[in-house]
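Nothing here was measured: the structure is a model prediction, and the numbers come from that model.
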Amino acid sequence: MEELFNKNGIAVRNNLKAIQEELLRGTGFVMGGGVSVFMQRESLHEKNILISVDRGKLAPTETKFVVGRIKDALELFQRELNNPKET
């Protein structure tokens, strides 16, 4: 099981509820194993969830979700975290 951290270096449990809690009510940032997820403020009223995947060989890929699709964003984060692919 991959170890996750918030942007302050504090460990975050690797489950959807803990990650969602950290994003929405904590630091807004979780990272581990070449994958990170964080909240991004587009404007005063618009927030997005950004998934960044960096496998080291090519430029990092980023996928953006509106906050209403947090379930889809967290599923992508977990999938990338648990199935690292060389790019």
Side-chain angles (χ1 to χ4, degrees):
M1 184 173 252
E2 186 71 36
E3 193 167 12
L4 304 177
F5 299 94
N6 68 14
K7 73 178 180 181
N8 295 328
I10 298 172
V12 176
R13 288 177 308 187
N14 189 356
N15 66 52
L16 293 177
K17 183 177 180 183
I19 296 168
Q20 180 176 337
E21 190 72 23
E22 185 64 33
L23 284 176
L24 298 177
R25 293 180 186 82
T27 63
F29 191 95
V30 178
M31 64 186 135
V35 183
S36 63
V37 58
F38 58 95
M39 298 295 292
Q40 179 183 52
R41 184 175 292 276
E42 289 289 323
S43 67
L44 184 60
H45 301 288
E46 185 180 348
K47 292 181 185 176
N48 291 318
I49 300 168
L50 193 68
I51 308 288
S52 179
V53 180
D54 184 4
R55 298 292 178 218
K57 293 192 177 197
L58 299 175
T61 59
E62 295 183 344
T63 307
K64 190 183 291 190
F65 295 88
V66 294
V67 174
R69 292 186 56 209
I70 191 166
K71 183 178 179 183
D72 296 331
L74 293 178
E75 287 174 359
L76 175 62
F77 177 73
Q78 286 287 344
R79 187 170 53 246
E80 290 293 336
L81 189 66
N82 294 325
N83 297 317
K85 296 175 252 166
E86 290 295 322
T87 56

Verdict with supporting geometry, F77 and L23, side-chain contact (heavy atoms from CB on, under 4.5 Å): CA-CA 12 Å; F77 177 73; L23 284 176; over 6 Å; no
E42: partners by side-chain contact (heavy atoms from CB on, under 4.5 Å), with sequence neighbours left out: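 Only Q40, E46, N48, K64 meet the side-chain contact (heavy atoms from CB on, under 4.5 Å) criterion with E42.
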Set of residues satisfying side-chain contact (heavy atoms from CB on, under 4.5 Å) with respect to E75, sequence neighbours excluded: K71, D72
Test salt bridge (charged side-chain N to carboxylate O under 4.0 Å, His left out) applied to R41 - qualifying residues, sequence neighbours left out: none
Between CD on residue E80 and OG on residue S36, distance to nearest 0.5 Å: 11.0 Å
Minimal non-hydrogen separation, L58 against D54, with atom names: O-OD1, 4.2 Å
Selection residues 7-24 - residue pairs positive for salt bridge (Lys or Arg N to Asp or Glu O under 4.0 Å), sequence neighbours left out: E21-R25
Salt bridge (Lys or Arg N to Asp or Glu O under 4.0 Å) pairs, two or more places apart, involving residues 26-40: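 Every candidate salt bridge (Lys or Arg N to Asp or Glu O under 4.0 Å) pair involving residues 26-40 fails, so no pair, neighbours aside, qualifies.
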Stepwise side-chain contact (heavy atoms from CB on, under 4.5 Å) check, N14 with L81: CA-CA 10 Å; N14 189 356; L81 189 66; 3.9 Å; yes
Counterpart residues, ring pair (Phe, Tyr, Trp, His ring centres under 6.0 Å), relative to F65 (two or more places apart): none
Is there a chain of hydrophobic side chains (I, L, V, M, F, W, Y, each step under 4.5 Å between heavy atoms) that links [X] to [Y]?
X   : Y   : result
V53 : L16 : yes
I51 : V67 : yes
L74 : L50 : no
V30 : L24 : yes

Which residues share a side-chain hydrogen bond (donor to acceptor under 3.5 Å, both in side chains) with Q20, sequence neighbours left out: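 For Q20 there are no side-chain hydrogen bond (donor to acceptor under 3.5 Å, both in side chains) partners, ignoring immediate neighbours.
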Step-by-step side-chain contact (heavy atoms from CB on, under 4.5 Å) determination, I49 to T63: CA-CA 8 Å; I49 300 168; T63 307; over 6 Å; no
Within residues 6-38 or reaching into it, pairs that qualify as ring-ring contact (aromatic ring centres under 6.0 Å, His included) - sequence neighbours excluded: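 For residues 6-38: F29-F38.
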Step-by-step side-chain contact (heavy atoms from CB on, under 4.5 Å) determination, R55 to T61: CA-CA 9 Å; R55 298 292 178 218; T61 59; over 6 Å; no
